[in-house]
Every structure is written in structure tokens, then in C-alpha cells.
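Here is the structure we will look at.
In the text below, chain A, chain B and the rest are named by the order of the sequence lines, each starting its count at 1.
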Protein chains: 2
Amino acid sequence: MSTRHRHGKAAHDVAALHTEAASRLAAVGQRFTSNRRLLVDALARADHPLSIPELLEATGDVAQSSAYRNLSVLERAGVVAKVVTNDEWARYELTEDLTGHHHHLVCGSCGAVRDVVVPGDVEADLDRALAVLAKREGFELQHHRLDLVGVCKKCS
Amino acid sequence: MSTRHRHGKAAHDVAALHTEAASRLAAVGQRFTSNRRLLVDALARADHPLSIPELLEATGDVAQSSAYRNLSVLERAGVVAKVVTNDEWARYELTEDLTGHHHHLVCGSCGAVRDVVVPGDVEADLDRALAVLAKREGFELQHHRLDLVGVCKKCS
DNA sequence: CGCTATCTGAGAATGATTGAGAAAATGCCG
DNA sequence: CGGCATTTTCTCAATCATTCTCAGATAGCG
């Protein structure tokens, strides 16, 4: 997707993304190294969460263990989030405050995951309802995850 | 299918649950053996998805490999569903058409998962909105997963 | 009863992920 | 530019959940 429809406060361009990533890493005492930049760029380029193999291919020249290690560093720094799906690999994406809040279309047949943004008013209603619910349950709500599970265009 | 609280089929009592499980297994050419009954009963007793270790304890006397094997059989038969969380084990629960549609409160700090039911009107609105969205994306929507992530009472 | 297909349990195998330590890179100070 | 400290990367082996294998036990059926 790159450059097309990105919304609001999210990092609009690569430069902003980089400075933001760098400063979050710095906050945890880590540097924004070339490997990490490669990973972040690959994630920024994709419009869906990437698995380790995809990431290795997308970045070209990063050792597998480095990818694992650096992703976990980036996760600790709050730059990427691990998305656990039903298929065998963990997947990674940039955190929502870098990319905007979104959800996933999960294909039950091929395992593909694609991002979707639900209309703001739906999201707002949902947030309100969930906040009430959480309060009633004595649960401190941080965020929600909503996945649409079904069959993607390609598989049907 | 998800908006309805339960279509006539939902198993209200253990006996009904057993016949339903047996017939779904039969439909896939499998038997409802004692091990499988133990697993189903344990899941029915719990008010939250169980991990393999929990399940082994709750059933008392089932070999680990049998648990894995039988859960996957039960999954194929449409009796149980695998719930993937961010913590290390997969968790299992009875499928929604046996227990009623519900969501999860996921504690990001201790990994505990608890079931919640959101108010019917919220659910209905959400379903409607998601259906529109899915259609627009050329995605054949089967059901949705909504998890509330935060901190549970015990951890805060 | 005996046949046959299915199920069980113990352990081995698999495959994703992580850890530990050595090697390399980078930053810093003069 | 050197030397030293710190951080990062790489290699390789370990770990851990999950799946597979296979010999023996069981159930359903004639």
C-alpha cells in the first residue's frame, strides 16, 4: 500500500516513522540499527502483518535469529506488535499508534491476514459499549482486538 | 449466525451436549469415546478456554498426546475451537453454537482469559456493520472474534 | 467368539522460538 | 587515527509446545 490512504495522527511518511521508532528505541536504551530499520521498513511497506519468513524475504539480508531478537526488542520498545493467528507463525506489525487502529480479515482457508479499518462511528459505538462492559466486570480495558474470520476473495 | 444467542441446537444440559457431540463426531466418522467425553465435560464445566495443562489436570487421567490428538479430532468435528492468545499455550473451548456467542477478556499481564457476553444490541449493531464491511472487501464473513485486552482484577 | 477398524499412551520427532557466548560494529574520548 | 566500553549480530545448541509413530488395547459387528 505505502503512501496512499493513511489516516490521522499516524506516521505519514517514512522519515517521521523512522524518527518515532528511533526515539522509542532510545527510550529503552536501544539504537535504531540498520537491521531494525530494514524490519520497520518492511513492516511499513506491507499492508498486513508479516511472518518471520515473509520478513526475512522482504528485508533480504537479515539473519533469522536477528530478526527474532530485533523484533522482540522492537516489541519491547513499543514499535511493533506480535499478532498471533491460528497458523503456525507469529506475525508482526507496527503498533497501532504508528499505523492507526485497525482490524484483520483472517482467511480461514489460506491463513492470509489483511488489514481493514472499520468506520469511525462503528468503532466509537463499540468502544463505548466495551468500556461499560469492562467496568462492570472490574476489568481495566486497554484496547480491543477484532478479527473478521471467513473466506477471502482468492479462496472462494 | 453470530447474532442469535443460540439457535435451538445449543446444549443446555450435559446430556444434550453429549448427544450433540456424539452426532457431530459421527458425521466425521469418529466415535465419542470416554477420553473425548472427559475433555468435552471439562470444557463444559469451565467458564473460560482451557490450555492443555489445565485440561490434563481437569480430566485427571488423559495422556498428553491423547489430549492433543482428541482435541484436534473434536476441532475437526466442530465441537471445540482453538483459541490463540498471546501467551504460550493454545487454549480450547466448546464451539459457540454449543455454548452461545461470547467474547474474551484477556489479561495482558497474567494471560488469563475469561468469557464475557456483550449486550445483544451491541452485538447486533456490530454484526450489521461488519457484514457491510466484509461485502465491500469481497470477503465472505463467517464469524468474528472480539477480545478485550487489558488488566484483570487480580493483576491490578 | 473372532475380525477389523479405531483409539490409546509412551516416547520420539518436529519445528518455531529463545539463550549464551563469541565476533563484529559502533560510540566515545583523547 | 588508536584504544576501550558498550551494543548489536551471528552461530549453534537448547527449549518447549505440538504432532507423529507404533505396538497394544477396545469397541462394534457379524
Would you give me the side-chain donor-acceptor pairs under 3.5 Å for residues 48-60 of chain A, sequence neighbours excluded?
residue : atom : partner : partner atom : Å
A/Ser51 : OG   : A/Glu54 : N            : 3.4
A/Ser51 : OG   : A/Glu54 : OE1          : 3.3
A/Glu54 : OE1  : A/Ser51 : N            : 2.8
A/Thr59 : OG1  : A/Leu55 : O            : 2.8
A/Thr59 : OG1  : A/Leu56 : O            : 3.3

Next item on the list: May I ask you to check whether A/Glu123 and A/His101 show a side-chain donor-acceptor distance below 3.5 Å?
Entry: yes

Next item on the list: Give a yes-or-no answer on whether the side chains of A/Asn35 and A/Thr33 include a donor-acceptor pair shorter than 3.5 Å.
Entry: no

Notebook entry, point to check: Is the B/His144 to A/His104 ring centre distance short of 6.0 Å?
Noted result: no

Margin query: Can you give me the closest heavy-atom contact between A/Phe32 and A/Leu25, atom names plus distance?
Written below: CD1-CD1, 3.4 Å

Checklist line | Close approaches to DNA chain D from residues 26-35 of chain A, in residue order (heavy atom, under 4.0 Å) | finding: A/Gln30, A/Arg31, A/Thr33, A/Asn35

Notebook entry, point to check: OP1 or OP2 of C/dT8 less than 4.0 angstrom from a side-chain nitrogen or oxygen of B/Asn70, does that happen here?
Noted result: yes

Note to self: For a quick test of reading the model: is some side-chain N or O of B/Ser66 closer than 4.0 Å to OP1 or OP2 of C/dT8?
What the structure shows: no

Rounded to the nearest angstrom, tell me the gap between atom [atom1] in [X] and atom [atom2] in [N].
| X | N | atom1 | atom2 | answer |
| --- | --- | --- | --- | --- |
| A/Arg36 | C/dA25 | CZ | C1' | 13 Å |
| B/Arg91 | D/dT18 | CZ | P | 11 Å |
| A/Arg37 | D/dT9 | CZ | P | 11 Å |
| B/Leu25 | D/dA27 | CG | P | 17 Å |

Note to self: So, using side-chain hydrogen bond (donor to acceptor under 3.5 Å, both in side chains) as the criterion, who are the partners of B/Arg69 when residues are at least two apart?
What the structure shows: none

Check: Residues two or more places apart in sequence or in another chain: which of them pass side-chain hydrogen bond (donor to acceptor under 3.5 Å, both in side chains) with B/Asp41?
Finding: B/His18

Show the atom names and distances, to 0.1 Å, of all donor-acceptor pairs under 3.5 Å that link a side chain in residues 149-156 of chain B to residues at least two apart or in another chain.
residue  : atom : partner  : partner atom : Å
B/Ser156 : OG   : B/Cys152 : O            : 3.4
B/Ser156 : OG   : B/Lys153 : O            : 3.4

Give me the distances for all protein-to-nucleotides 16-19 of chain C N/O pairs that come in under 3.5 Å?
residue : atom : partner : partner atom : Å
C/dT17  : OP1  : A/Ala90 : N            : 3.1
C/dT17  : OP2  : A/Tyr68 : OH           : 2.4

